[in-house]
Amino acid sequence: MPHYRIAESASLLGVSDDTVRRWVDGGQLPAERDSAGRLVVDGAALAEFTRDQARSAPDPSAVGRSARNRWVGLVTEIVSDKVMSQVEIQCGPHRVVSLMSTEAVRELGLVPGSLAVAVVKSTNVVVETPGEG
């Protein structure tokens, strides 16, 4: 089972080491000592904590969909030619890029600053793990 030191946990969560220590001290995030006496967080516990802490902006659409991967964000950039457009949306810490027709961009009224929901439904998701370093 993988374990992560406090600094590694903080980096993965996007917070400071002190914040992770406060969560550990407050009992919100379980930690234990490794064989060297360092405070570490179990990978499975960290993953569960990460999922529980995840917050997303409320979805402004009142439409039910089968796609589960939905991220609310702001359009930050649009690059268009006559036929196709590249639309960049910042959804919390995640940058989502969509390629669509320029006609669709116009019909949706997309401009930088527009509120948008990125919906992803795919059977192909690439998963990578970091190499040994």
Side-chain angles (χ1 to χ4, degrees):
M1 189 60 72
H3 286 85
Y4 297 93
R5 292 170 53 184
I6 295 299
E8 293 171 319
S9 298
S11 177
L12 291 167
L13 293 168
V15 298
S16 70
D17 297 9
D18 288 339
T19 297
V20 172
R21 285 189 189 89
R22 278 193 296 276
W23 287 334
V24 169
D25 292 345
Q28 296 157 290
L29 181 62
E32 58 193 54
R33 299 275 174 194
D34 67 7
S35 59
R38 295 176 299 216
L39 199 57
V40 295
V41 178
D42 173 74
L46 185 61
E48 182 177 345
F49 183 82
T50 300
R51 183 178 50 231
D52 292 344
Q53 294 300 310
R55 303 280 188 266
S56 61
D59 189 337
S61 62
V63 177
R65 289 191 180 91
S66 63
R68 300 292 181 246
N69 300 313
R70 304 170 56 81
W71 300 288
V72 178
L74 295 173
V75 174
T76 56
E77 185 175 5
I78 300 172
V79 178
S80 297
D81 64 19
K82 186 175 179 180
V83 177
M84 293 300 294
S85 292
Q86 176 180 306
V87 178
E88 182 177 308
I89 306 169
Q90 192 67 38
C91 303
H94 306 287
R95 175 180 168 257
V96 178
V97 178
S98 175
L99 301 177
M100 66 180 74
S101 70
T102 299
E103 178 182 20
V105 169
R106 282 192 305 268
E107 287 177 359
L108 291 170
L110 296 177
V111 295
S114 296
L115 181 65
V117 180
V119 180
V120 179
K121 183 163 184 164
S122 176
T123 57
N124 299 312
V125 176
V126 176
V127 177
E128 300 176 340
T129 59
E132 296 295 317

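The side-chain heavy atoms of V120 and W71, taken from C-beta on, include a pair separated by under 4.5 Å. Between V75 and V87 the shortest side-chain heavy-atom distance falls below 4.5 Å. Looking at R5 and V40, their side chains come closer than 4.5 Å, going by heavy atoms from C-beta outward. A 4.5 Å side-chain heavy-atom check between E88 and R95 finds at least one atom pair inside the cut-off. In this structure, V24 and L39 have side chains that are in contact, with non-hydrogen atoms separated by less than 4.5 Å.
A distance of 4.0 Å separates CZ of R22 from OG1 of T19, quoted to the nearest 0.5 Å. The OG atom of S98 lies 6.5 Å from the CD1 atom of I89; values are rounded to the nearest 0.5 Å. Here W23 contributes atom CH2 and I6 contributes atom CD1; the two are 11.0 Å apart, rounded to the nearest 0.5 Å. Taking OG of S9 as the reference point, atom CG of L29 lies at 6.5 Å (rounded to 0.5 Å).
The two residues S114 and G109 come nearest to each other via the heavy atoms OG-O, 3.6 Å. Residue Y4 comes nearest to G43 through the heavy atom pair CE1-CA, 3.7 Å, listed as atom of the first residue, atom of the second, then distance. When all heavy atoms of P30 and V41 are compared, the pair lying nearest together is O-CG1, 3.6 Å.
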Can I get a per-line list of side-chain donor-acceptor pairs under 3.5 Å for residues 101-108, giving both atom names and the distance, sequence neighbours left out?
{"unit_1": "S101", "atom_1": "OG", "unit_2": "A104", "atom_2": "N", "d": "2.9"}
{"unit_1": "T102", "atom_1": "OG1", "unit_2": "D81", "atom_2": "O", "d": "2.9"}
{"unit_1": "T102", "atom_1": "OG1", "unit_2": "V83", "atom_2": "O", "d": "3.4"}
{"unit_1": "T102", "atom_1": "OG1", "unit_2": "M84", "atom_2": "N", "d": "3.3"}
{"unit_1": "T102", "atom_1": "OG1", "unit_2": "M84", "atom_2": "O", "d": "3.0"}
{"unit_1": "T102", "atom_1": "OG1", "unit_2": "S85", "atom_2": "OG", "d": "2.9"}

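The same ILVMFWY cluster, assembled from side-chain heavy atoms under 4.5 Å apart, contains both I78 and M100.
Side chain of T50 to backbone of L46: a donor-acceptor contact under 3.5 angstrom is found.
No donor-acceptor contact under 3.5 angstrom links the side chains of H3 and E8, judged on distance only. T76 and Q90 share no donor-acceptor pair across their side chains, judged by distance under 3.5 Å alone.
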Quick one: do V117 and R70 satisfy side-chain contact (heavy atoms from CB on, under 4.5 Å)? Show the steps, please. CA-CA 6 Å; V117 180; R70 304 170 56 81; 3.9 Å; yes

Give the C-alpha distance, both sets of side-chain angles, the deciding distance and a yes or no for side-chain contact (heavy atoms from CB on, under 4.5 Å) between V97 and Q86. CA-CA 7 Å; V97 178; Q86 176 180 306; 3.5 Å; yes

